[in-house]
Colleague: 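What follows is a single structure, and I will ask about it in a moment.
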Amino acid sequence: MALLSAMRWGDREDNGRFDAKATRSLAKLGHVPADIAFAMELADRADAISMDRFRAWDLEVVAKADFTPVTEADRLIEQTLRVEITRRFPDHAVTGEEFGRDGSEAATCRWVIDPIDGTRSYVRGNETWATLIALQRDGQTVLAVASAPAMRLRYQATRGAGATLNGRSIHVSRVATLEEAMITHTSVPGFVRVGLADRLVALAGQCWDARGLGNSLSHLGVARGTADIGWTSRANVWDFAALALIVEEAGGRFTDRSRDDPVLGGTGISSNGLLHELALDAAGL
């Protein structure tokens with residue numbers, strides 16, 4: 001019974017579709033900060049593009065210099081969001097996965113975008129991908145949106161104000177032992193490439209169960225309480241900026257090592273907080 005009690009999560013969230021129109025209406029009434037409403041609008045634009053090309057038979061896919069795939073949808077989403085941000089906030093900088101950084105290095109505000117996190121899933125027609133949008137002020141993420149439209153999920157967090165899924169509050173689990181924990185992670189080949197596969201297997205072997213869900217859904221699962229530890233083998237700032245804030249505002253912890261390498265990035269671990277030191281120790285951090 002203790003295990004089932006610690007794993008309860010469904011009473012704090014809603015599996016329905018996020019009501020973007022309602023959020024915009026609240027913003028006009030002064031109940032939602034303008035930056036959040038704008039971030040939601042950006043996510044709406046991204047969702048429209050990604051879902052229009054999702055599972056399209058003629059989807060254009062090419063390999064980047066690092067041999068990872070990129071689609072026409074990735075590029076169009078990032079280009080579209082950059083235009084919207086520059087139009088609304090010409091003094092803000094933008095950093096994105098596909099086109100790097102625009103704007104002054106001295107800019108106080110920076111938007112960090114991953115147009116489609118989980119492009120391999122997107123290409124194969126799996127739903128485990130998301131658009132990640134974060135706003136940073138003086139290097140600190142202050143708001144975040146993660147939108148997974150194929151699964152009808154929209155996460156949002158504002159620093160100091162908590163995290164939501166489809167407009168309702170979410171919180172991490174209360175699982176306190178590895179024997180009761182669910183760990184979610186990115187692809188096993190990714191762990192092999194960075195020499196962390198043995199550590200992943202060792203940690204997962206101590207857990208109640210393990211699932212490979214990709215970067216976004218691994219950490220978002222921690223935020224909503226359906227997972228207790230999330231582990232990404234290696235990623236960059238655009239992969240972690242939004243997710244870290246969502247996890248932290250849901251009551252969890254996030255260790256971001258994306259600065260370990262300026263090009264390749266680094267590992268990322270999220271947890272419900274109760275298991276964080278155990279996870280870091282297992283990862284050798």
Side-chain angles (χ1 to χ4, degrees), residues 18 20 23-24 26-46 77-115 117 130-147 154-165 167 169-172 215-216 219-220 222-223 232 235-260 262 265-266 268-270 273:
F18 175 78
T23 297
R24 288 194 292 272
L26 288 171
K28 292 178 181 178
L29 294 172
H31 298 304
V32 177
D35 287 346
I36 300 174
F38 178 63
M40 292 295 193
E41 292 173 9
L42 294 178
D44 289 345
R45 295 293 302 274
I77 289 170
E78 187 168 324
Q79 289 170 334
T80 300
L81 300 196
R82 283 174 179 272
V83 169
E84 293 298 322
I85 291 168
T86 301
R87 180 181 296 136
R88 183 76 66 92
F89 302 110
D91 58 333
H92 288 195
V94 181
T95 294
E97 178 176 12
E98 307 307 335
F99 299 104
R101 181 179 178 114
D102 286 336
S104 170
E105 291 287 343
T108 299
C109 295
R110 177 176 73 154
W111 293 84
V112 183
I113 301 167
D114 191 339
D117 180 49
T131 294
L132 305 178
I133 302 168
L135 173 62
Q136 298 181 331
R137 288 198 177 97
D138 297 320
Q140 182 181 60
T141 303
V142 295
L143 71 83
V145 175
S147 190
R154 176 75 65 84
Y155 294 80
Q156 181 268 322
T158 305
R159 185 164 295 279
T164 64
L165 168 56
S169 178
I170 55 174
H171 200 276
V172 297
N215 180 58
S216 287
H219 301 297
L220 293 172
V222 171
T232 295
N236 297 93
V237 62
W238 45 79
D239 299 292
F240 292 155
L243 298 176
L245 182 63
I246 293 169
V247 169
E248 291 167 356
E249 286 299 320
R253 292 178 60 186
F254 197 108
T255 294
D256 174 358
R257 296 291 293 271
S258 62
R259 294 183 180 179
D260 284 1
I269 294 180
S270 64

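As a basis for the values below, the full set of heavy atoms in this structure was taken, side chains included, without hydrogen atoms, waters or symmetry mates. Sequential numbering from 1 along the given sequence is applied to the chain's residues.
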Colleague: Using only atom types and a distance under 3.5 Å, with no angle test, would you say the side chain of E78 pairs donor to acceptor with the backbone of E98?
Modeller: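 Answer holds: yes.
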Colleague: What's the verdict on side-chain contact (heavy atoms from CB on, under 4.5 Å) for R88 and L42, showing C-alpha distance, side-chain angles and the deciding distance?
Modeller: CA-CA 11 Å; R88 183 76 66 92; L42 294 178; over 6 Å; no
Colleague: So does R45 pair up with E41, basic N to acidic O under 4.0 Å?
Modeller: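 Looking at R45 and E41, the cut-off is not met.
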Colleague: Within the structure provided, determine whether N215 and F240 are in side-chain contact (heavy-atom separation under 4.5 Å).
Modeller: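 Yes, their side chains come closer than 4.5 Å.
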Colleague: When you look at S258 and D239, which way does the side-chain contact (heavy atoms from CB on, under 4.5 Å) test go after all the steps?
Modeller: CA-CA 9 Å; S258 62; D239 299 292; over 6 Å; no
Colleague: Does N236 use its side chain to pair, donor to acceptor, with the backbone of W238 at less than 3.5 Å?
Modeller: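 Checking the backbone N and O of W238 against the side chain of N236, no donor-acceptor pair under 3.5 Å is found.
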Colleague: Would you find a donor on one side and an acceptor on the other, under 3.5 Å apart, between the side chain of T131 and the backbone of P115?
Modeller: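 Checked: pair present.
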Colleague: Could you check if a side-chain atom of R159 sits within less than 4.5 angstrom of a side-chain atom of L245, using non-hydrogen atoms only?
Modeller: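 Yes - at least one pair of side-chain heavy atoms lies under 4.5 Å apart.
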Colleague: Look up atom CZ in R253 and atom CD in E248, then write down how far apart they are to the nearest 0.5 Å.
Modeller: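 One finds 9.5 Å between CZ of R253 and CD of E248.
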Colleague: Could you tell me which residues satisfy side chain to side chain contact (heavy atoms under 4.5 Å, CB included) with A223, sequence neighbours excluded, listed by chain and number?
Modeller: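 By the side chain to side chain contact (heavy atoms under 4.5 Å, CB included) rule, A223 matches I170, I246, V247, A250.
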Colleague: Is the closest side-chain heavy-atom distance between L135 and C109 below 4.5 Å?
Modeller: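 A side-chain contact exists here, since the closest heavy-atom pair is under 4.5 Å.
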Colleague: Between D35 and F89, is there a side-chain heavy-atom distance shorter than 4.5 Å?
Modeller: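 Answer yes - side chains close enough.
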Colleague: Thinking salt bridges, do R154 and D44 make one under a 4.0 Å N-O criterion?
Modeller: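 Result for this pair is yes, salt bridge flagged.
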Colleague: Rounded to the nearest 0.5 Å, how far apart are CZ of R82 and CD1 of I77?
Modeller: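 The CZ atom of R82 sits 13.0 Å away from the CD1 atom of I77.
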Colleague: Indicate yes or no for a side-chain donor-acceptor contact from E249 to the backbone of G162 under 3.5 Å, with no hydrogens or angles considered.
Modeller: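 Yes; judged by distance alone, with no hydrogens or angles, the pair exists.
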Colleague: Determine whether I85 and I113 make a side-chain contact, defined as any pair of heavy atoms from C-beta on separated by less than 4.5 Å.
Modeller: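 Side-chain contact under 4.5 Å: yes.
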Colleague: Testing the basics here: between T141 and L143, what is the closest heavy-atom pair and its distance to 0.1 Å?
Modeller: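 Reported closest heavy-atom pair: CG2-O, 3.6 Å.
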Colleague: Under a 3.5 Å distance rule, please check whether Q156 uses its side chain to pair with a backbone N or O of A146 as donor and acceptor.
Modeller: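 Flag not set: sc Q156 to bb A146 has no pair under 3.5 Å.
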Colleague: If I compare all heavy atoms of I133 with all of A242, which pair ends up nearest, and what's the gap?
Modeller: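 Nearest pair, atom of I133 first, then A242: O-CB, 3.6 Å.
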Colleague: So, R101 side chain and S104 main chain: donor-acceptor pair closer than 3.5 Å or not?
Modeller: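 Yes, R101 side chain to S104 backbone: donor-acceptor pair under 3.5 Å.
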Colleague: How long is the straight-line distance from NE2 of H92 back to CD of Q136, given to the nearest 0.5 Å?
Modeller: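 Rounded to the nearest 0.5 Å, the CD-NE2 separation comes to 12.0 Å.
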Colleague: May I ask you to decide if the ring planes of H219 and F254 are parallel, tilted or perpendicular, using 30° and 60° as cut-offs?
Modeller: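 Ring orientation of H219 relative to F254: tilted.
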Colleague: Looking at every heavy atom in both V145 and A43, which two are closest together, and how far apart are they?
Modeller: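 Closest approach of V145 to A43, heavy atoms only: CG1-CB, 3.9 Å.
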